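Working notes, structure below.
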Amino acid sequence: MATKQITGTELAQMFIEGAANLSNHVKVVDALNVFPVPDGDTGTNMNLSITSGVKEVKQSIQEDASKVATSFAKGLLMGARGNSGVILSQLFRGFSKEIEGKSAIKATDLAAAFEHGVETAYKAVMKPVEGTILTVAKDSAKHAVKIARKHDDIVVVMEETLKEANASLKRTPDLLPVLKEVGVVDSGGQGLVYIYEGFLAVLKGEKLSDHLDEPSMDELVKVEHHHNAQSHMSTEDIEFGFCTEVMVRFEDEKTKKSPFDEAEFRQELSLIGDSLLVVSDEDLLKVHIHAEQPGEVLTKAQRYGELINIKIENMRQQHTHLLEETKSVYEKKEEPTKPKEKSEFGIVTVSMGEGVAKLFKGLGAGVVIQGGQTMNPSTEDIVKAIEEAHAENVIILPNNGNIIMAAEQAAEVAGKHVKVIPSKTVPQGLAALLAFNPGQDLEKNATIMQESLSTVKSGQVTYAVRDTSIDGIDIKKDDFMGISEKKIVSSGQSIIEVTKDLLDTMIDENTEIITLLQGDEATDEQTNEIVAYLEEKYDGIEVDIHDGNQPLYSYIISVE
């Protein structure tokens, strides 16, 4: 008996089973991942993205198909990670828009929804690359529309959609040379096929996740192909080193700093990176880009509202680690207990606050020691961190004047392959980390990273633990203090006024960028007031905000 239409309840089950089938094959999809960077995370990113969509759907499964699709698209957008995840979210954003207002969908509606999803996804990508998930989605949607003109049975249309998706997937190596070189099909396209398999299973009354028969890794990708997949490019070939993702919650039209034009913003970002995706709906903006200056991306995005999600990953370091892991797993199979080879560089840094630690890790730090003012790590702690870095060359960023000597002692104990960059503040440590170049040797890096320390001014806002008088300033217990480098320049009971006064002393005619790391003692409202003050008083200066979550210091300030 032909299936003429499906309701929201059935569509919800399709989404749920599609996600479950992808989840069961995550490792397979990850193994295929070689484009644009062989970082082995396409399956993981797609799975996390679609799981977010399904979570939203499960909260309100209903008969209205359009409402179910809208929930799925919204959840996907919120959870989208990586190129593949964002493209997937756009495929179903377009899908949901096409069936808007339809409580049940017919075969022609399903095909048209697939096609509109493709149109939406292609618009979201600055430079669409054929031989990827985009191609698989496009070819299968075009075929679906053709079949739906002749058949009104949704099962037939979905069967043919999946059939063409598989055929298109097999053609991807002919379109993308790196896939043919390595001997694999496109990972994102394979992920989409798994999702479509789940869709069809529901329409046919089956449940794929109950009888999983996943092929082994070696069956899917020959060992030599997989090794080649991770090493077909050198780390130095990665032109833009930081995979940067940010989500913005739009402000009200009345308070929005700049009117938002998606196409214009996408064009602006295309000048500073690649692998660019810009997507938005009425409430949210999502950006994914491979850039060399991630801070610049965040600053540009922040013009339109509040930053609610930030992820920055160092792809050069990621790639180096994957090369080492691949050698360990595939070349040394007969000696599984042999220690993993050391990577070329390891960065050890000291930080307090989860947000600051995340920022350092996102910029390439391999080991972050929790510590700082009143929490100074010992020489032994730092020696252990050097060992944990497991690298031929190790660079230490103490980020506090009271930790430099312990770091230098640790370096002396560890050997000549360790260098200490005498960073006295978190902003100096961040500046040094951004100056690091994996293409240079240890000595050259030590030189350029130390030189970078003088490019930033560091400020801190904290509170007094007792009454005192310093540099002619009377300070009462629990008053806030604004410290520029080591000098107290402002104090008082208002965190906002103290921070404003501190910034006024730090900013000069050469200032271009101000970074505020918000600590546990500060609120978003206070930060917003300070940012508004800066934007009104200092025209042309970029302000970059991060949740540092640091204790003791309400704000850590970097002025460049």
Side-chain angles (χ1 to χ4, degrees), residues 15 18-19 22 25-26 29-30 32-37 39-54 69 72-98 113-142 161 165 168-169 172 175-176 178-179 185-196 198-199 243-247 262-263 265-266 269-270 273-281 284-290 309 311:
F15 291 150
L22 173 64
H25 295 88
V26 163
V29 180
D30 279 344
L32 295 170
N33 180 201
V34 298
F35 179 84
V37 177
D39 48 7
D41 65 355
T42 292
T44 302
N45 285 341
M46 290 182 74
N47 184 44
L48 288 169
S49 303
I50 199 169
T51 298
S52 178
V54 164
F72 187 56
K74 189 76 171 180
L76 266 169
L77 180 66
M78 284 296 293
R81 287 171 46 124
N83 280 3
S84 52
V86 176
I87 290 172
L88 190 65
S89 76
Q90 288 307 291
L91 288 173
F92 286 101
R93 178 189 176 195
F95 183 103
S96 70
K97 289 286 185 186
E98 178 62 31
F114 282 139
E115 188 172 53
H116 194 231
V118 170
E119 292 168 3
T120 305
Y122 266 85
K123 287 177 184 175
V125 182
M126 189 67 193
K127 297 176 183 175
V129 176
E130 299 301 336
T132 63
I133 182 175
L134 287 168
T135 307
V136 175
K138 178 179 68 176
D139 291 350
S140 56
K142 185 178 179 181
T161 302
S168 179
L169 179 66
T172 55
L175 298 172
L176 201 54
V178 66
L179 300 178
V185 293
D186 178 67
S187 54
Q190 178 66 77
L192 186 64
V193 165
Y194 286 136
I195 293 167
Y196 285 175
F199 287 5
C243 177
T244 306
E245 292 189 9
V246 59
M247 190 179 291
E262 187 176 295
F265 185 57
R266 188 180 294 115
L269 289 187
S270 71
D274 62 12
S275 294
L276 173 63
L277 287 159
V278 175
V279 297
S280 65
D281 63 10
L284 296 170
L285 163 66
K286 176 107 181 180
V287 176
H288 172 285
I289 186 172
H290 293 174
N309 273 325
K311 182 166 74 74

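Keep in mind that the numbers below use all heavy atoms, side chains included, and drop hydrogens, waters and symmetry copies. Quick caveat: nothing in here was measured; it's all calculated off a predicted structure.
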Could you tell me if the side chain of [Y] sits less than 4.5 Å from the side chain of [X], heavy atoms only?
X      : Y      : value
Leu269 : Val287 : yes
Thr172 : Thr132 : no
Lys97  : Thr120 : no
Tyr194 : Met46  : no

How long is the span from the [atom1] atom in [X] to the [atom2] atom in [Y], to the nearest 0.5 Å?
X      : Y      : atom1 : atom2 : result
Ile289 : Thr244 : CD1   : OG1   : 7.0 Å
Ile133 : Leu91  : CD1   : CG    : 5.5 Å
Glu262 : Leu285 : CD    : CG    : 7.5 Å
Leu76  : Leu48  : CG    : CG    : 11.5 Å
Leu134 : Leu175 : CG    : CG    : 12.0 Å
Lys138 : Glu115 : NZ    : CD    : 11.5 Å

Look at Glu119 together with Lys123 and state whether they make a salt bridge at an N to O cut-off of under 4.0 Å.
->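 Salt bridge absent between Glu119 and Lys123.
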
Determine, stepwise, if the pair Leu88 / Ile195 fulfils side-chain contact (heavy atoms from CB on, under 4.5 Å).
-> CA-CA 10 Å; Leu88 190 65; Ile195 293 167; 3.8 Å; yes

Between Phe15 and Phe72, how do the two ring planes meet: parallel, tilted or perpendicular, split at 30° and 60°?
->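 Plane angle under 30°, so parallel.
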
Counting only N and O atoms by type, is there a donor-acceptor contact under 3.5 Å from the side chain of Ser52 to the main-chain atoms of Gly75?
->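 Flag set: sc Ser52 to bb Gly75 pair under 3.5 Å.
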
Would you confirm whether Ser96, through its side chain, and Ala73, through its main-chain N or O, come within 3.5 Å as a donor-acceptor pair?
->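 Side chain of Ser96 to backbone of Ala73: no pair is present.
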
Evaluate side-chain contact (heavy atoms from CB on, under 4.5 Å) for Ile50 paired with Leu22, printing each intermediate quantity in order.
-> CA-CA 9 Å; Ile50 199 169; Leu22 173 64; 3.9 Å; yes

Exercise: identify the closest heavy-atom pair between Gln190 and Val185 =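 Reported closest heavy-atom pair: OE1-CG2, 4.1 Å.
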
List the atom of Ala165, the atom of Val136, and the distance in Å for their closest heavy-atom pair.
->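 Taking every non-hydrogen atom into account, O-CG1, 3.6 Å.
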
Please lay out, stage by stage, how Val118 and Phe114 fare under the test side-chain contact (heavy atoms from CB on, under 4.5 Å).
-> CA-CA 6 Å; Val118 170; Phe114 282 139; 5.8 Å; no

Are side-chain N/O atoms of Asp139 and Ser168 paired as donor and acceptor at under 3.5 Å?
->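 On atom types as modelled, these side chains qualify, holding a pair under 3.5 Å.
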
Going by atom types alone, do Glu130 and Thr135 pair a side-chain donor with an acceptor below 3.5 Å?
->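 Result is yes, a qualifying pair exists.
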
